[in-house]
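A short worksheet on the structure shown next.
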Amino acid sequence: MSTCLGLYIEENIIKYAKVSKERDQIKVETFGVKFYDNLDQILKQIVEETYSYKTPISINLSEEMYNYFQVFALLNKKDLPKAIRTEFDAFCADKNYNPNVFETRYAITPNTEQKDRLKVIHISENKIELNKKIQRFNSYKLQSISPIGMTISDISKLDERENCLIVNIEEKTSITTILDQNIYDVKTLDIGSKDILDRINLKENSYQKAYEICKETTIYTSAGKELLEEETNYLEEIMPTLYDIVGHIRKVLNESFDKIEKIYITGTGALINNVDLYFEEYLENVKCEILKPSFIKISPEINIKDYVEVNSAISLALSGLGEGISGINFKKSTLKDKLPEILTMEIGGKNKEKSLDKKLKSNLFTIDFNVPLDTIERGLIRGISGLLILFIVYGGFANLIKQQLEQKNKQAQDSINNTNYQISIVNKDIQSLQNATNEYTTRINNLQEINKRLEENNRLKKAVPNLLNKLMYIIPNEVQITSIENTTSTHIEIQAQSKFYAQLGYLTTSIKTSGMLTNVVSTSGQKENNIVIIKIEGDLP
């Protein structure tokens, strides 16, 4: 039985699932969700809780880039990698990228638009970011690093000839297009559950609580019941992101040459109650449902939503067990990975050498020095003597070169240490300059802010008297101003009354046209005891 621990890692959340496989039977042994501030500590905790000290681990890429190329279907297999590499080099040249900074993998799928060509799904990841992930798991048995958009489809066995989308709403959202059981396209959106959780976190000041609120929230469609006030507390944080995702899905559906019959929803966003009904309402003629692991038997004792919650981690574990598309693992096999095999080969090799040594010893001839040496024996002695001299000379040169290399290495190390010391001094000077610059920048900003406030105060002091002076010249004789109030820094409210609507309208129009106030609005007026009272509002220019 083989086992793998799948870890789907986001900025504040890590989802894990330990999956075992025996023949065709797949079992999720343990799973869960953790929230963290220190990733290294939470990794150690998960490994300890799941007893995965020696278990292979599979994780996700985080900043992968997808590109799509077209190659001829009749291209020779050995020429295919060269053609794909050429296409990627051309792409990098157009974008002014250095192709050598990327680690790349690719998958090939039939092209539904051009039958004589193949579509290449090309995935690339920055080598620096990839090496950071590998180094973080240096003390664990890291086996696989895979893009989640290419593994999520392994969760469920899709029907043959079924064209569908898998929308995985995690920290970022991936939209995977499946045509005839083949992954055809993967789109990664910069929006996802992180946007929702961040907005709720601003209210609750707890990322874990925000996550639980997201799970407990229910969306009611137009055909459902009316929302109560307490049920809408967090919908304003959730719905904008879901609405944007629906818009992107609609765009994918419209651009597809093949009819998409179903949409599967998974990830953190799938935990929101009725999210599938919400998608189905806005995506007409397309059935939407939650993606459930096909190997989990649904029963009253099993809450399938708990498994859906960690679908991403389960799919990564399955990828580590060899399920799904081969060739998309960004973790290269190292000497450490191959050590057990090498040791086995060495042990076998030593046994063979011992056997061979016994055979040689049994077949060695003896030399009788009382008998004159023949030509073959003299030639053999000369050969052995030559080899011995060559070995002695080679050993002497090798020892001399070794000593020189050690001396050069020591000199190089001294030079490196000295350079590092000088760099540390320069870094301290840079830090001192940076601190001084920050201090002066802060002072300058404070002075600028004070000047702005003084200018604003002076402007307001002059603006209000000017307003009163201008009103004196435009106010009709039949109009009486009962109050003028400066409600905020620049907002003015004027109470006026008259027996005639026309005179009040004239006053309002004069204020607008004179420019003494901007954004001028007035009430329709109320009449009491033959006196019309209105309120005029506006902002000082």
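Atom set for the values below is all heavy atoms of this structure, side chains included, hydrogens, waters and symmetry mates excluded. The chain is numbered in sequence order, starting from 1.
- One side chain, Thr151 or Ser315, offers a donor N or O that lies under 3.5 Å from an acceptor on the other.
- Ion pairing between Lys132 and Glu129 holds under the 4.0 Å rule for side-chain N and carboxylate O.
- No hydrogens or angles considered: a donor-acceptor pair under 3.5 Å links the side chains of Thr112 and Tyr184.
- Counting non-hydrogen atoms of other residues, nucleotides and ligands closer than 6.0 Å to CZ of Phe35 gives a total above 12.
- A 6.0 Å sphere centred on NZ of Lys44 holds no more than 12 heavy atoms belonging to other residues, nucleotides or ligands.
- Taking the side chain as every heavy atom from C-beta outward, Leu158 and Tyr264 approach each other to under 4.5 Å.
- Counted by atom type alone, Arg199 and Thr241 present one or more donor-acceptor pairs between their side chains at under 3.5 Å.
- Heavy-atom minimum distance, Pro56 versus Gln143: CB-OE1, 3.2 Å.
- In summary, the side chains of Ser319 and Ser146 do present a donor paired with an acceptor at a separation below 3.5 Å, with no hydrogens or angles considered.
- Counted by atom type alone, Glu87 and Tyr68 present zero donor-acceptor pairs between their side chains at under 3.5 Å.
- Between Phe88 and Phe102, the two ring planes are perpendicular [angle over 60°; tilted spans 30° to 60°].
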Notebook entry, point to check: Do Tyr211 and Glu216 pass the side-chain hydrogen bond (donor to acceptor under 3.5 Å, both in side chains) test, and can you show the C-alpha distance, the side-chain angles, and the key distance before you say yes or no?
Noted result: CA-CA 9 Å; Tyr211 186 86; Glu216 295 168 1; over 6 Å; no

Note to self: side-chain contact (heavy atoms from CB on, under 4.5 Å), that's the test. Do Leu118 and Asn111 meet it? Break it down for me.
What the structure shows: CA-CA 5 Å; Leu118 297 173; Asn111 192 327; 5.8 Å; no

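- From Thr441, atom OG1 reaches atom CG of Asn446 across 10.5 Å, with rounding to the nearest 0.5 Å.
- Counted by atom type alone, Tyr234 and Glu204 present one or more donor-acceptor pairs between their side chains at under 3.5 Å.
- Counting heavy atoms from C-beta on, the side chains of Met65 and Thr188 never come closer than 4.5 Å.
- Donor-acceptor pairing under 3.5 Å is recorded for the side chains of Gln45 and Glu49.
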Next item on the list: For side-chain hydrogen bond (donor to acceptor under 3.5 Å, both in side chains), just list the numbers for Ser52 and Lys141, CA-CA rounded to whole Å, side-chain angles, deciding distance to a tenth of an Å, and then say yes or no.
Entry: CA-CA 9 Å; Ser52 302; Lys141 191 176 180 181; over 6 Å; no

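- Looking only at atom types and distance, the side chain of Thr109 has no donor-acceptor partner in the side chain of Asn182 under 3.5 Å away.
- Between the side chains of Lys331 and Ser58, no donor-acceptor pair of N or O atoms lies under 3.5 Å.
- Formation of a donor-acceptor pair under 3.5 Å by the Asn201 side chain with backbone atoms of Ser206 is found in this model.
- Smallest separation of non-hydrogen atoms from Ala17 and Ile314: CB-CG1, 3.6 Å.
- In this structure, the separation between OG on Ser174 and CD1 on Ile166 is 8.5 Å, given to the nearest 0.5 Å.
- The only member of Lys262, Lys259, Lys287 that meets salt bridge (charged side-chain N to carboxylate O under 4.0 Å, His left out) when paired with Glu162 is Lys262.
- Atom CZ of Arg23 and atom OG of Ser2 lie 12.5 Å apart (nearest 0.5 Å).
- The residue from Glu170, Glu10, Lys15 that alone fulfils the side chain to side chain donor-acceptor pair (under 3.5 Å) condition with Ser312 is Glu170.
- The aromatic ring centroids of Phe31 and Tyr16 lie 6.0 Å or more from each other.
- Of the charged side-chain nitrogens involved, at least one lies within less than 4.0 Å of a carboxylate oxygen, so that Glu537 and Lys535 count as a salt-bridged pair.
- With rounding to the nearest 0.5 Å, the separation of CD1 in Ile196 from CD1 in Ile245 is 6.0 Å.
- The number of heavy atoms from other shown groups lying within 6.0 Å of CG (Asn435) is above 12.
- In this structure, a donor-acceptor pair under 3.5 Å is absent between the side chains of Asn163 and Asp258.
- Ser153 has its side chain within reach of Ile183: a pair of non-hydrogen atoms, C-beta onward, lies under 4.5 Å apart.
- Within a 6.0 Å radius of CG in Leu74, no more than 12 heavy atoms belonging to other residues, nucleotides or ligands are found.
- By the 4.5 Å heavy-atom criterion applied to side chains, Val308 and Asn311 are counted as neighbours.
- The number of heavy atoms from other shown groups lying within 6.0 Å of CG (Asn438) is above 12.
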Next item on the list: Check the pair Phe279, Val246 against side-chain contact (heavy atoms from CB on, under 4.5 Å), reporting the backbone distance first and the verdict last.
Entry: CA-CA 7 Å; Phe279 275 47; Val246 168; 4.0 Å; yes

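- For Lys305, the NZ atom counts as densely surrounded, since its 6.0 Å shell holds more than 12 non-hydrogen atoms of other residues, nucleotides or ligands.
- Side-chain atoms of Glu63 and Asn126 form no donor-acceptor pair, as typed in the model, at a separation below 3.5 Å.
- Lys203 NZ: more than 12 foreign heavy atoms inside a 6.0 Å radius.
- Interatomic distance, Leu80 CG to Asn76 CG, rounded to the nearest 0.5 Å: 9.0 Å.
- One finds the CD atom of Gln135 at 10.0 Å from the CG atom of Leu130 (value rounded to the nearest 0.5 Å).
- The distance between the ring centers of Tyr278 and Tyr282 falls below 6.0 angstrom.
- Counting non-hydrogen atoms of neighbouring residues, nucleotides and ligands closer than 6.0 angstrom, the CZ atom of Phe257 reaches no more than 12 such neighbours.
- Taking the side chain as every heavy atom from C-beta outward, Ile57 and Leu43 never approach each other to under 4.5 Å.
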